[in-house]
S.K.: 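Submitted below is the structure of interest, expressed as structure tokens.
Computed over heavy atoms, backbone and side chain alike; hydrogens, waters and symmetry mates excluded. Per chain, numbering begins at 1; letters A, B, ... match sequence-line order.
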Amino acid sequence: MFRAVSSADAVPRPRSSLVPSTGQDRFFDYCLETYAPRCDPTGKLRGESLLWNSLEAAGVSEAGYEPFDAIRAAAGRDMTVFGVKWFRARLSWELYFYDPQREDRQITASALRRALAGVLDIRPRVRDTTRYFMYSFDLDAAALGDGQVPELNVYLQFHEGQGGHSYALREDACELRNTYRFHEPKREIEAILHQVQRSMWVDFTAVRVADIVLPELYECAKICVAKKRSADAIYYSGISIDQLRWFLHRFEYPHAVTSFVDRHRADFEHLMFDVGIDYRSRPDGSLEYPKTGYYSTL
Amino acid sequence: MAADLVVMIDGEGPMPGSLRSPSASPSPPSLGENFDPRPFLEFCTAHRGAPRYERVILVGDGQPLEQHGFALAEAARRGGFRRVRLDTRPWRLTNPRQVQAVVQAGVAEISVGLHATDPALHDRLRDRPGDFRDAKKCLANLARLDAEALVYIVMTSANVGQLRPVAQLAIEAGARRIDFWAYAPLDPTESEQQLLVPLDELAPRLLEAIATCRAAEVEAVIHHVPVCVLGEEGARVDATEPDHFHDHSQFWAAADPSARPRFNCLREAQCDAAEVCLGLSHAHVNRFGWELDRLRALPRTRPWRPRDRSVRRVDARGRAQAPHGHARWLDLLGAHAMGVEGVALTRSEARYPLQMPDGTRFVLVISARDDAARTFKQSRSFNLAYTDVVGPATERAIAAFVGPVLDTIIANDDGSLSLDARR
């Protein structure tokens with residue numbers, strides 16, 4: 001039942017999605033905050049295996065893996081958060097780079113831009129003096145093909161509490177995209193409900209809170225409520241592999257993803273995962289989930 | 001540790017609070033034909049010398065129960081369990097001689113599901129024609145013998161109007177205890193969802209049934225109903241779980257560990273009953289919402305603590321194993337690892353909280369070796385220092401205390417661990 005990851009599985013990526021855990025692994029959530037693994041990681045898989053599986057599921061060619069290798073080489077092992085997004089029946093990816101204390105000069109947006117030159121062309125430039133604590137960019141099949149990154153998401157932190165604003169930065173434009181705030185689910189449930197129930201996108205006369213604050217994911221480390229341009233969103237951080245499996249099935253991810261995670265349930269049980277769900281009311285009042293994503297570290 | 005130990009003999013027996021046996025589920029665990037009784041028989045031998053459980057609950061209804069049931073019951077009786085309970089389907093216990101043999105083997109308690117006063121509804125809920133008749137016969141047989149009949153009632157939308165008469169029927173049939181279970185299906189079908197009952201409909205009818213038990217001086221226990229909707233009877237809620245005898249070659253090798261109903265309450269951290277109340281089943285929340293208008297937090301009188309979400313493991317002797325996260329970083333401290341409150345790995349540091357005998361607390365910090373940086377000591381790969389001192393100790397005393405810890409790190413650092421993320 002608890003299948004050991006044999007050395008035979010440790011074929012160098014990208015040929016295999018199975019990357020064994022090592023004694024040096026560090027464990028971070030999608031805010032790059034550390035957590036203790038849920039059990040002994042020996043013989044299990046690294047979270048990055050989910051990324052490689054998603055690339056394989058999306059049919060990304062061998063060359064499409066190169067940007068991810070370059071990103072890890074530049075940012076360091078375990079230091080990049082990746083999100084696998086499921087939107088309009090297509091998989092895409094977002095890479096997040098955190099350094100709120102500016103401890104690492106190689107991870108500023110401009111340094112990463114230089115480090116990835118020749119592999120990815122990050123078009124927007126952001127001043128190093130801008131007091132962002134995180135930035136990210138999206139990659140889809142097209143971007144992996146042409147190496148162009150036309151947009152950078154830059155995140156500015158609130159003074160108090162965990163949360164902030166994000167801006168979408170292009171070469172010729174900058175606009176506010178999202179605001180979001182993190183909460184401890186059980187101690188701060190009233191704040192979560194307050195934020196969820198104040199919405200321009202959801203008609204709560206026709207939608208239940210239980211369809212947003214989902215019982216299957218409520219047992220988690222943090223909940224983040226976000227307000228976006230065209231939807232609201234809720235993020236559950238620090239969920240178990242069984243909760244991730246439920247999420248992937250509930251939101252109808254491709255079979256190549258769900259079956260991979262089901263098959264390797266025991267190999268991922270030491271890890272915590274994070275998921276996000278965009279939601280809004282349809283014209284008929286019912287709730288839809290236009291976009292979802294799951295996260296781990298590379 | 002729980003007082004009860006469950007031994008799953010096969011997948012045919014009734015599960016607590018369920019209407020059907022596990023084998024009736026869409027994807028039943030593969031149990032049964034090759035049940036090996038030896039691990040439990042060996043466990044009984046050890047348990048006799050150092051009893052840990054009060055009760056063993058044998059669950060089964062298939063051929064393995066027929067083959068091994070008597071031996072298991074006798075071994076349990078000799079093995080230091082004060083009570084031996086059998087959870088099987090009632091058709092096995094309709095013959096008085098069979099019941100007598102079971103009791104003589106050491107079974108002192110038998111649980112019987114009774115879900116309606118009319119046979120048609122009971123049989124429909126059990127999905128087994130004749131089950132009501134068998135349950136009544138079984139109860140009649142138990143009443144004649146020195147065995148306790150434990151009746152359980154699964155509360156659904158179909159029988160919620162009959163709870164008091166069903167309890168009365170059970171009492172008249174000799175029940176010594178009645179367990180009321182709110183229906184909590186795992187991954188319910190649409191028809192199963194229809195069997196769920198909203199709290200405002202369930203609670204008053206349940207309280208009427210409890211009053212009947214109270215009047216008859218029959219013990220009543222409630223499962224899967226929030227404490228806060230039951231008033232004084234909330235004290236009857238039992239959210240404990242028995243331990244399961246793990247024989248990985250059998251049931252647990254086949255069953256999906258996640259395949260069990262889950263519960264939550266949005267008021268958990270604010271409610272004094274959080275430690276004794278499960279809240280609502282996920283199936284219930286998905287049908288009726290979080291019932292925020294009905295659930296109210298009982299003011300807490302003590303701090304609330306989040307649940308431990310580490311994966312529970314037990315070794316071959318049933319002892320709980322601690323999680324081994326970051327084991328190599330703790331190994332770096334050798335025997336001193338026993339004195340730290342874990343390790344937190346950040347982007348650039350490993351941080352170990354420590355406490356001195358005089359109560360002074362500080363954090364031992366190791367970071368990537370940097371010969372240009374000021375530091376207390378250095379090992380092959382790391383700068384070693386301490387910070388965040390809180391307490392009365394002098395710098396000299398702290399240095400004397402932390403010195404042996406740092407020396408151990410220096411001795412153990414063979415270069416295989418790194419805090420340089422690019423290596």
S.K.: Hey, which of A:C220, A:S240, A:A221 has the most heavy atom pairs under 4.5 Å with chain B?
M.R.: A:C220
S.K.: Please output the residues of residues 265-279 of chain B in contact with chain A, using a heavy-atom cutoff of under 4.5 Å, in numerical order.
M.R.: B:C265, B:L266, B:R267, B:E268, B:A269, B:Q270
S.K.: Would the number of heavy atoms belonging to other residues, nucleotides or ligands and lying under 6.0 Å from CD of A:Q197 be above 12?
M.R.: yes
S.K.: Around atom CZ of B:R305, are there more than 12 heavy atoms of other residues, nucleotides or ligands at under 6.0 Å?
M.R.: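 No, not enclosed.
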S.K.: List in chain and number order the residues that pass ring pair (Phe, Tyr, Trp, His ring centres under 6.0 Å) with A:Y218, two or more places apart in sequence or in another chain; answer none if no residue qualifies.
M.R.: B:W290
S.K.: Considering only heavy atoms from C-beta outward, does the side chain of A:L214 approach that of B:V285 to under 4.5 Å?
M.R.: no
S.K.: Of the non-hydrogen atoms in B:G289 and A:A210, which two are nearest, and what is the gap between them?
M.R.: CA-CB, 3.8 Å
S.K.: Should B:P306 and A:R187 count as side-chain neighbours, where that means a heavy-atom distance under 4.5 Å?
M.R.: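 SC-SC contact between B:P306 and A:R187 confirmed.
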S.K.: Using a 6.0 Å cut-off, check whether atom CD of A:Q162 has over 12 heavy atoms from anything other than its own residue.
M.R.: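 Counting other residues, nucleotides and ligands, CD of A:Q162 exceeds 12 neighbours.
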S.K.: Quick one: list whatever passes side chain to side chain donor-acceptor pair (under 3.5 Å) with B:R380, sequence neighbours left out.
M.R.: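 Residues passing side chain to side chain donor-acceptor pair (under 3.5 Å) with B:R380: none at all.
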S.K.: Let me know if B:L280 has heavy atoms under 4.5 Å from chain A in its side chain, its backbone, both or neither.
M.R.: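 Nothing of B:L280, per the 4.5 Å heavy-atom cut-off to chain A.
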S.K.: Given that the side chain runs from C-beta out, which part of A:E190 has a heavy atom under 4.5 Å from chain B: side chain, backbone, both or neither?
M.R.: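 Side chain only.
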S.K.: Please classify the contact between B:R351 and chain A as side chain, backbone, both or neither, with a heavy-atom cut-off of under 4.5 Å.
M.R.: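 B:R351 has no heavy atom closer than 4.5 Å to chain A.
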S.K.: Go through the structure and list residues passing side chain to side chain donor-acceptor pair (under 3.5 Å) with B:N264, not counting sequence neighbours.
M.R.: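 Applying side chain to side chain donor-acceptor pair (under 3.5 Å) to B:N264 gives A:E219, B:H282.
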S.K.: Check this for me: B:R296, atom CZ, are more than 12 non-hydrogen atoms of other residues, nucleotides or ligands nearer than 6.0 Å?
M.R.: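 Result for CZ/B:R296: open.
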S.K.: Mind checking the NE2-CG spacing from A:H249 to B:D187? Nearest 0.5 Å is all I need.
M.R.: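 It is 10.5 Å, given to the nearest 0.5 Å.
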S.K.: What are the two closest heavy atoms between A:E184 and B:W304, and how far apart are they?
M.R.: OE2-CZ3, 4.3 Å
